[in-house]
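Notes follow the structure.
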Amino acid sequence: MSSPFHPDNDATINPSSNPSINALIEQRKLSRRGFLKGSFGATAIAAFGGSTVADSLTNLAQAAPSPIGGIGFSPVAANIAPMTDAITVPPGYTARVLIAWGDSLTQAANWDPATPMTEAVQLHTYGAHTDGMHYFPFPASGAGPLGNSRGLLVANHEYVDPGLVHSTTTYGSDAITADHVNTQLAAHGVSVVEVQERNGGFEVRRGSGFNRRITGKTPCEVSGPAAGHPLLRTAADPSGMRVLGTLNNCANGYTPWGTYLACEENFNGYFGARADALAAQPLTAHERRYGMAAGGFGYRWHEADPRFDIRATPNEPNRFGWVVEIDPWNKNSTPVKRTALGRFKHESAGVVVGADNKVAVYMGDDERNEYVYKFVSAQRFDPRNRNKNRDILENGTLYVARFDANGTGTWLPLVWGQNGLTAENGFADQGEVLVKARQAADRLGATMMDRPEWVAVHPTTREVYLTLTNNNRRGTNPASSNKADGTTTAASARPPVDAANPRADNRYGHIIRWRETGGDVAATTFAWDIFAECGDRLSTKANLQGNINGDDYGAPDGLWFDQDGRLWIQTDQAGDAQGDWANIGGNVMMCADPASGETRRFLTSPRHCEVTGVTATPDGRTMFVGIQHPGEDWSGSFTANSTWPDSGVNGPTTASAAGAAKPRSAVVVITKDDGGVIGT
Ligand code: FEO
Ligand code: CA
Ligand code: CA
């Protein structure tokens, strides 16, 4: 079970009618073998029909090779019931806690988890529910490879469980105060943490001048085509250029010019409205398309702060759902919301620089039957001049993906004035196309996907991998019975399966991948196949057994390539190893060979958590992994489920002697006992 504050994105689903393609079901999927060879046999090309397809397949980028150094560890056993409340890594490896929610970034004291959190304490401590993160190495110096022993760890804080923040089991009925809202806002956002190797292990440099908290109240600049748009203006910010805070930063990205990308995912859950106000002015189609609802996810912030009341401040939600660029090296820098990358429930942002220095950013919209997007910048990357790169994400073209049954795909441009994205169809200008990216994508006929989560780009071939975590909303109800104008209930939309999303009851998810035509990151066509259908080989249902080459797993979410080309896969399923997950066990981090598909279980996690966030030092010998929401349960009895990490099972923590007062999200450092590269 998860928390109502982390609702598995069930609140809304895509009510558009894209694409009505029952016929695709009958068409064969792309041959995995053919894809790996980088070309298709004549028979396959003939089956796909026509020279257009064949032509587009003749100039593919190179498929990812096996990792340099291979995959050499012995897999760990699944963490099945009764679960171990600990991280387990292979023999010869060690995982130790680096930092947990409430640990101090300054010389001030750590939070005592036995007490309620406060805004003042949270502003100098590590935020809640750690998620995507990236290690930025300090430049190497004459004294040695400083980057491998000193860096900035930048991490997202996706959400909070209010009951844990306020040490209450009655948050749902408590009177909500501004203090509640402000403390929770402070627990969100991003942390910048200087870390350094000392005495053979990494530790936080408390008091470092780089350490910083960005929260749900930190002023952010709005840039790009939607900056200052009427849809972004509020009474508090008539300019539409300056937003307070970033929220629900799930996964992330990082650029070759040294900035961090925090992605705003389920922002809708923080907003609500009084019933009488909604009765007088019902939800608009636009609000419904982005999942606005009277009570949000139950945070109730709107009861104490009109900024989160969608009838008092109806444009405030339009100021969230963006990718936020942060310069971790300048503590005084203002985070920038990059509207050119579109507004949706952003999971991650996979940045890739082409051979010609064009820049593309791949992004998923994590909700059932939503879309995959690509941004291509107008400006090229200049590897010799960091300052020239600072606004590469300011202007460019946003595309949405259509995956065709023949194993090719097309990037459809979300450009005002083209393909019906016009004023008469509700798009006054490019700014409105970006604010309403979902509706624009509906109109273009993009492919509804099984919840797009993280993107990972191979470090040398630029092949792109994407996790599709699960989807229980496919079926035979024609999606066209639902209108994007919100006139029917979205819940009845059950689009048919298609070639890229082939399972009707896709509870274990899959991983899809593609290569741009000609290896050009700016290409408008690509070739795709499915890397793995996740599953449980012991399942009695053939549909759910999957085709993993190695250890079973399900609900892939976090995804990252290390520099040697190992594909690391993190999962987010129930986390309690019950029911559908009895055989697969608790959440894991897997390591896969993209060429052979071989997949091994590298890490198992504490009870009722999610494994999310992974990064490493440049030498690959120190890896950082995030453990989010250990112990989480709808009943609110977190501690009954888990006492990690303050149980000390993965090394001592900085908590008070009370220890185990409540489970806390935390980052662990993983090293190989012989000092080798992680995964070898
Ligand atoms: Fe926050 Fe889609 O995971
Ligand atoms: Ca995620
Ligand atoms: Ca997830």
Side-chain angles (χ1 to χ4, degrees), residues 67-77 79 84 86-100 103 126 130 132-138 140 144-155 193-206 208 459 558 560-570 587-592 600-606 609 611-628 630 644-654 664-680:
I68 298 165
I71 296 174
F73 61 87
S74 301
V76 298
N79 191 7
T84 304
I87 287 178
T88 303
V89 287
Y93 286 84
T94 300
R96 292 177 71 85
V97 175
L98 173 75
I99 191 168
D103 285 353
Y126 195 70
T130 195
M133 62 181 157
H134 186 67
Y135 176 91
F136 291 86
F138 272 64
L146 201 54
N148 292 317
S149 56
R150 187 180 176 201
L152 300 181
L153 189 68
V154 185
V193 186
E194 185 180 339
V195 293
Q196 186 169 28
E197 191 172 24
R198 197 173 284 168
N199 305 321
F202 265 81
E203 56 186 50
V204 171
R205 268 195 102 186
R206 287 172 60 166
S208 160
W560 178 71
F561 272 109
D562 68 25
Q563 296 207 14
D564 293 335
R566 290 175 203 84
L567 183 64
W568 297 88
I569 305 160
Q570 302 178 314
N587 280 306
V588 294
M589 185 165 74
M590 315 294 293
C591 183
R600 296 189 198 178
R601 191 183 297 104
F602 179 81
L603 175 150
T604 61
S605 65
C609 78
V611 182
T612 184
V614 54
T615 185
T617 53
D619 63 6
R621 295 168 192 271
T622 304
M623 177 182 275
F624 303 85
V625 174
I627 299 296
Q628 193 198 72
W644 192 89
D646 296 336
S647 58
V649 63
N650 291 114
T653 75
T654 53
R664 297 186 292 156
S665 298
V667 175
V668 296
V669 176
I670 297 172
T671 50
K672 199 173 180 206
D673 298 344
D674 67 4
V677 172
I678 309 300
T680 54

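As a basis for the values below, the full set of heavy atoms in this structure was taken, side chains included, without hydrogen atoms, waters or symmetry mates.
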### Query
Looking only at heavy atoms, which two atoms of F561 and P459 are closest? And how far apart?
CB-CD, 3.8 Å
### Summary
In this structure, CG of L567 is separated from SG of C591 (nearest 0.5 Å) by 8.0 Å
### Task
Would you check if the side chain of R601 reaches a backbone N or O of S74 as a donor-acceptor pair within less than 3.5 Å?
no
### D103/V204 under side chain to side chain contact (heavy atoms under 4.5 Å, CB included): CA gap, chis, key distance, verdict
CA-CA 10 Å; D103 285 353; V204 171; over 6 Å; no
### Message
In the structure I gave you, are the side-chain heavy atoms of L603 and T88 within less than 4.5 Å of one another anywhere?
### Response
no
### Query
Can you tell me how far the CZ atom of R206 sits from the CD1 atom of I99, to the nearest 0.5 Å?
9.0 Å
### Task
Decide yes or no for M623 and D562: does some side-chain heavy atom of the first lie under 4.5 Å from some side-chain heavy atom of the second?
no
### Query
Are any of the side-chain heavy atoms of R621 and N148 separated by less than 4.5 Å?
no
Could you go through residues 666-680 and list every donor-acceptor pair under 3.5 Å that involves a side-chain atom there, pairing it with any protein atom two or more places apart or in another chain?
unit_1, atom_1, unit_2, atom_2, d
K672, NZ, T680, O, 3.3
K672, NZ, T680, OG1, 3.2
D673, OD1, T94, OG1, 2.8
D674, OD1, G676, N, 2.8
T680, OG1, V677, O, 2.6

### Message
Counting C-beta onward and ignoring hydrogens, is there a side-chain heavy-atom pair between P652 and R96 closer than 4.5 Å?
### Response
yes
### Task
Output all residues satisfying salt bridge (Lys or Arg N to Asp or Glu O under 4.0 Å) with R600, sequence neighbours left out; order by chain, then residue number.
E598
### Query
Considering all heavy atoms of both residues, which atom of T653 and which atom of P645 are nearest to each other, and what is their separation?
CG2-O, 3.3 Å
### Message
Show, in sequence, the C-alpha distance, side-chain angles and deciding distance for L153 and L98, and conclude whether the side chain to side chain contact (heavy atoms under 4.5 Å, CB included) test is met.
### Response
CA-CA 11 Å; L153 189 68; L98 173 75; 3.8 Å; yes
### Shortest non-hydrogen contact between A95 and I87, atoms and distance
CB-CG2, 3.7 Å
### Task
Indicate the ring-plane relationship of F624 and Y135, choosing parallel, tilted or perpendicular according to the 30° and 60° boundaries.
parallel
### Query
How far apart are the closest heavy atoms of A100 and Y126, and which atoms are they?
O-CB, 3.5 Å
### Task
Heavy atoms only: give me the nearest P90-F73 pair and the separation to one decimal.
CG-CD1, 3.6 Å
### Task
May I ask you to test the S605-V588 pair for a side-chain heavy-atom distance under 4.5 Å?
no
### Query
Measuring from Q570:CD to Q628:CD, what's the distance to the nearest 0.5 Å?
10.5 Å
### Task
Can you establish whether the number of heavy atoms outside Q563 located under 6.0 Å from its atom CD is more than 12?
no
### Task
Quick one: list whatever passes salt bridge (Lys or Arg N to Asp or Glu O under 4.0 Å) with E194, sequence neighbours left out.
R150, R205
### Query
Atom OG1 of T612 and atom CE of M589: how far apart are they, to the nearest 0.5 Å?
11.0 Å
### Query
Which heavy atom of G626 sits nearest a heavy atom of T130, and at what distance?
CA-CG2, 4.2 Å
### Query
Nearest 0.5 Å, what's the CD-CD distance between E203 and E197?
10.0 Å
### Geometric class of the F602/W568 ring pair [parallel <30°, tilted 30-60°, perpendicular >60°]
perpendicular
### Message
Can you tell me how far apart CD1 (I569) and CH2 (W560) are? Round to the nearest 0.5 Å.
### Response
13.0 Å
